[in-house]
Amino acid sequence: MTKRIPEIMIRSAITVVKELGGKALVVLEDVDPNTIPDIDVTVVILSSSFDVENDRIKRVSIPQNLDINNVLNLISAFLLEHDIVKEGDSFVYVTSELIGVKTVKKSLSAMRGFFAQNQNVLQRLLEIAIELSIEGREGTPVGTLFVIGDTRNVLKHSHQMIPNPFKGHKINVLDRDSKEIIKEFAQLDGAFVISNTGRIIAGGRYIEVDPKAIDLMLPPGLGSRHIAAAGITKLTKAVSISLSESGTIRIFKNGLMLLEYNPRIRY
């Protein structure tokens, strides 16, 4: 069900876009596109579906329980990927309660390519990671790693720690019944390797990364799972989603961390 943002908020946000020369208007609630007046910039609506075919209004699906900074970073990635903004450009965002301005900084340019992956697959895996963060598995904290895309090269830079439980099976993360299977195998050591279409290629995979050889630049204190998560995305075109036993979820692309979020913490 779509929400209603007061018309004065939309009109005010459009004024800000025009006055500041913003490159896009981002509506952070799932509103009816017909309620958005015609303007000369791209409009992006945070939605439950993903639709980028319309030239004027695009709908992007991002889990709504992320904090606003992470949502804006992912929106920045989308705008970069679709050449709507470039480094140094700004866009205006609006909710029913606030209007803000976000400038795309140099560090965000590393996100280019993030939205080349199937967004339904990324959305699904992020939702599963959030559920595992909050619930664990049978009351026990779970840490795991999902590596999505460029599977041929990911397999070249990894090896099985255990017999592959998904070999010979056509299990897709988008299948309704796959969530419990994924949660069950998330308790095993090693990473999931998942294709862009969502098929689980392997589980229990050890990612072979030498952080010194590939010059990773990560915040201090991250463990081996996060080093593997970052490193495999620098060696390949994959995106990775890591979940620590503390409940923190991180997304990596091009060797850099794009998102850090702990659903157990109230922001």
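Side chains are part of it too, since the values below use all heavy atoms of this structure and drop only hydrogens, waters and symmetry mates.
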Student check: side-chain heavy atoms of [X] and [Y] closer than 4.5 Å:
| X | Y | answer |
| --- | --- | --- |
| Lys58 | Ile84 | yes |
| Phe192 | Val147 | no |
| Lys102 | Asn73 | yes |
| Val41 | Lys23 | no |
| Ile171 | Arg199 | no |
| Ile75 | Tyr93 | no |
| Ile232 | Asn153 | no |
| Ile130 | Ile249 | yes |

Spacing of [X] atom [atom1] and [Y] atom [atom2] [to the nearest 0.5 Å]:
| X | Y | atom1 | atom2 | value |
| --- | --- | --- | --- | --- |
| Ile36 | Ile14 | CD1 | CD1 | 7.0 Å |
| Ile128 | Phe146 | CD1 | CZ | 6.0 Å |
| Ile148 | Thr236 | CD1 | OG1 | 10.5 Å |
| Ser133 | Leu243 | OG | CG | 5.5 Å |
| Ser96 | Met9 | OG | CE | 7.0 Å |
| Leu28 | Ser47 | CG | OG | 12.5 Å |

When you measure from the side chain of [X] to the backbone of [Y], do you find a donor-acceptor pair of N or O atoms at a distance under 3.5 Å?
| X | Y | value |
| --- | --- | --- |
| Lys253 | Lys234 | no |
| Gln187 | Glu184 | yes |
| Arg124 | Val173 | yes |
| Gln160 | Gly203 | yes |
| Asn254 | Ala230 | no |
| Thr35 | Val31 | no |
| Asp175 | Asp177 | no |
| Asn172 | Ile200 | no |
| Asn54 | Ile57 | yes |

Is the count of non-hydrogen atoms from other residues, nucleotides or ligands lying under 6.0 Å from [X] atom [atom1] greater than 12?
| X | atom1 | answer |
| --- | --- | --- |
| Tyr206 | OH | no |
| Glu19 | CD | no |
| Asp40 | CG | no |

CA sep, side-chain torsions, deciding dist, call: Ile99, Val92, side chain to side chain contact (heavy atoms under 4.5 Å, CB included): CA-CA 7 Å; Ile99 296 170; Val92 174; 3.9 Å; yes

Heavy-atom closest contact ([X] atom, [Y] atom, distance):
| X | Y | result |
| --- | --- | --- |
| Thr151 | Ile194 | CG2-O, 3.6 Å |
| Ile134 | Pro263 | CG1-CB, 3.7 Å |
| Pro37 | Arg56 | O-NH1, 3.4 Å |
| Val209 | Gly231 | CG1-CA, 3.8 Å |
| Ser12 | Ile8 | OG-O, 2.7 Å |
| Ser240 | Leu145 | CB-CD1, 4.0 Å |

Check: Glu260/Thr248 side-chain N/O donor and acceptor closer than 3.5 Å: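 Side-chain D/A pair, Glu260 to Thr248: absent.
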
Donor on one side chain, acceptor on other, Ser90 and Thr103, under 3.5 Å: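 Yes, Thr103 and Ser90 have a side-chain donor paired with an acceptor closer than 3.5 Å.
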
Worked check of side chain to side chain contact (heavy atoms under 4.5 Å, CB included) between Leu174 and Thr197: CA-CA 9 Å; Leu174 300 176; Thr197 61; over 6 Å; no

Asp30 vs Arg59, salt bridge (charged side-chain N to carboxylate O under 4.0 Å, His left out): CA-CA, chis, key distance, verdict: CA-CA 9 Å; Asp30 195 359; Arg59 303 172 78 96; 2.8 Å; yes

Step-by-step side chain to side chain contact (heavy atoms under 4.5 Å, CB included) determination, Val26 to Leu46: CA-CA 8 Å; Val26 176; Leu46 196 64; 6.0 Å; no

Steps toward side-chain hydrogen bond (donor to acceptor under 3.5 Å, both in side chains) verdict (His159, Arg205): CA-CA 6 Å; His159 66 262; Arg205 199 87 182 164; over 6 Å; no

Salt-bridge present (Glu131, Lys179; N to O < 4.0 Å):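 Counted as a salt bridge, because a side-chain N and a carboxylate O are separated by less than 4.0 Å.
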
The single option from Leu25, Leu20, Leu72 passing side-chain contact (heavy atoms from CB on, under 4.5 Å) against Phe91: Leu72

